[in-house]
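Structure first, then comments.
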Amino acid sequence: MKTLIKNVRPYGEGEPTDVFIEDGVIAAIGENRDADETIDGDGAVLLPGLVDLHVHFREPGREDTETIVTGSQAAAAGGFTAVFTMANTNPVTDQPVIADSVWAKGQAAGLCDVHPVGSITQGLKGEALTEFGMMNRGDAGVRMFSDDGKCVTDPLLMRRAIEYAAGLDVLLAQHAEEHRLTEGAVAHEGENAARLGLRGWPRVAEESIVARDILLTRDYGGRLHICHASTAGTAELLRWAKSLGVNVSAEVTPHHLLLTDSVLDSYDGVFRVNPPLREESDTLALREALLDGTIDVIATDHAPHGSEDKCVEFDHAKPGMLGLETSLAIVSEIFVRSGLADWRFIARVMSERPAEIARLADQGRPIAVGEPANLTLVAEKDWTVDRGQLASKSENTPFNGMDFSHRVVATLLRGRVTSRDGQACAPANA
Ligand code: DOR
Ligand code: ZN
C-alpha cells in the first residue's frame with residue numbers, strides 16, 4: 001500500500017511538502033510519487049501520532065458507555081495512535097488474561113494501539129500486589145501499572161510495589177489522593193465549594209501522596225509517574241524531585257489546564273472530575289510547569305460515563321470527563337494560538353515524551369524517512385464541539401458548545417488512515 005500526503009508542514013515548520021508512505025513506513029519526503037491513495041493536507045501541520053498515557057475504555061464491564069472499538073475510534077478522531085487504558089474495568093485488569101484480551105481486541109480493530117495498564121493491587125482493593133511479571137510477559141507486554149481511580153495509600157504496599165516495579169523496569173502510575181482527606185468530597189476545597197455547599201477535596205490530599213511517593217522513589221528506585229497533577233503545589237514538588245534527580249514523570253489533563261471550579265455554579269454533573277477542577281492560580285502554575293518540563297506530558301484521562309451517572313445531582317454524579325476528541329484543539333488554543341509555544345512543543349508533550357515514558361519504540365518517532373508512519377494532521381479550522389457528533393459512545397464532554405480554531409483532520413497508524421475530518425474510520429474487522 002502506497003499513500004501520499006500532499007501539502008503538509010511537518011511540525012508546522014517551513015513550506016508545505018509531500019510525505020510518501022509505503023508499507024507503513026515513511027519512504028520519502030519532498031517527492032511526489034505515484035500512490036494508491038492521496039490525502040491533500042492543504043497546508044495542515046503534520047505531527048507524530050499522539051500518545052495518551054491515561055484513558056478509560058469501559059470494556060470489560062461497562063460496554064454501554066465505551067468499548068475498545070468506540071474508544072479506539074475516539075482516539076483516532078482525536079489524533080492518537082497509541083493509548084494506555086486504565087485497569088479499573090470490571091473485572092479489574094489484574095491478570096494476564098484480561099490484559100491480553102484488551103490488547104488483542106485493540107489490535108483486531110486496528111485503529112489505535114490499545115495498551116492495557118495492569119492494576120497494582122488485586123481487584124484495586126489496596127491489599128495485595130498483582131503479578132506484574134506475568135502481565136509484563138504476556139501478549140500485551142504490560143509496561144505500566146496503576147490503581148487509577150483509587151490511590152495506593154498504604155505506604156508499605158507502595159514501597160513494595162516500587163521495589164517490584166524497579167526490578168522489572170516497569171512504570172508505576174499513581175493516582176495521588178489521600179482518601180482519608182477526601183471522604184465525601186466532590187469539588188475543590190475553596191470559596192466556590194463553600195458557597196455552593198459542596199464537600200471539599202483539599203490540595204493536600206494530592207500533594208501529601210506526591211511528596212511521599214517521590215521520597216519512596218528516591219530511596220527505592222524505579223520509575224514513578226504522577227497521574228493528572230492538579231495543583232500548583234504538586235508542580236512545586238515535582239520541580240524539587242527533578243532537581244534531586246528522582247526518576248519521576250507527570251501528566252496534566254487538558255481540563256485541568258483550561259477549566260476552574262468557577263464552572264461549578266451550574267451544579268452540572270458534567271464538571272465533576274477526580275481530582276477536581278481547581279483555581280486559576282493552579283491552572284497557570286500547571287501551564288508553566290508543562291512549559292518548563294517539570295510536568296512531562298498531557299494525558300486526557302478520557303473517562304466516559306452514561307447520562308444516568310452524569311445527569312444527576314452533583315453529589316451523585318460519577319467523576320470523569322471525555323477527553324480524546326477535544327484535547328489537541330484545547331492544547332493548541334492554550335499554547336500555540338496564544339504564542340506561548342510552537343508545534344514542536346505539542347509534538348513533545350503529546351507524542352514524543354509520552355512514548356519515551358512508556359518505552360514505546362515505534363511511537364513518538366521523528367517525521368523522517370525510514371520511520372513508522374504514525375502521523376496526525378492538524379488543520380487551522382473553526383469548529384464547535386457537539387457532544388452528539390463524537391465517536392465516543394458517551395457524551396460527557398465539559399467542552400460541548402465551545403469553539404476552537406484547530407482540528408485533527410487525519411490520523412494514520414502504520415500508514416493506514418484511521419480518521420478523516422474528525423470522523424473515525426470503521427474498525428479493520430468490521
Ligand atoms: O474523574 C475520574 N474518573 N478520575 C479517575 O481517577 C477515574 C475516572 C473514571 O474511571 O471514571
Ligand atoms: Zn485518576
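Indexing begins at 1, ligand by ligand and atom by atom, following the structure's order.
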query = Which of these, R62, R58, H302, has its nearest heavy atom closest to atom 11 (O) of ligand 1?
reply = R58
task = Would you tell me whether H316 and D309 have side-chain atoms, one donor and one acceptor, within less than 3.5 Å of each other?
result = no
message = Counting only heavy atoms closer than 4.0 Å, does ligand 1 sit against the backbone of K318, its side chain, both, or neither?
response = neither
ask   = Given that the side chain starts at C-beta and the backbone is N, CA, C, O, which of these parts of H175 lies under 4.0 Å from ligand 1, counting heavy atoms, or is it both or neither?
value = side chain
Identify, for [atom], the protein heavy atom at the shortest distance, and state residue, atom and that distance.
atom	result
atom 8 (C) of ligand 1	H56 NE2, 3.6 Å
atom 4 (N) of ligand 1	N274 O, 2.8 Å
atom 10 (O) of ligand 1	N88 ND2, 2.9 Å

query = Is the shortest N/O to N/O distance between P319 and ligand 1 below 3.5 Å?
reply = yes
Would you check if the distance from the ring center of [X] to the ring center of [Y] is below 6.0 Å?
X	Y	result
H302	H56	no
Y267	F314	no
H256	H228	no

query = What distance do Y220 atom OH and R160 atom CZ have between them, rounded to the nearest 0.5 Å?
reply = 8.0 Å
note = dist E59:CD -> T93:OG1 (nearest 0.5 Å) comes out at 10.5 Å
Taking 4.0 angstrom as the limit and counting only heavy atoms of [X], give me the atoms of ligand 1 inside it, by number and element.
X	result
H305	11 (O)
V273	1 (O)
D301	4 (N)

request  = Verify the distance test for E177 against the Zn ion (ligand 2): any N/O/S atom under 2.8 Å, yes or no.
outcome  = no
So, of the N/O/S atoms that [X] has, which is the nearest one to the Zn ion (ligand 2)?
X	result
D148	OD1
H175	ND1
H228	NE2

task = Could you check K318 against E308 for salt bridge (Lys or Arg N to Asp or Glu O under 4.0 Å), going step by step and ending with a plain yes or no?
result = CA-CA 9 Å; K318 280 199 178 165; E308 71 285 4; over 6 Å; no
query = With distance as the sole test, does S208 use its side chain to make a donor-acceptor pair with the main-chain N or O of V204 at under 3.5 Å?
reply = yes
query = Donor-acceptor pair, R272 side chain versus A317 backbone, under 3.5 Å?
reply = yes
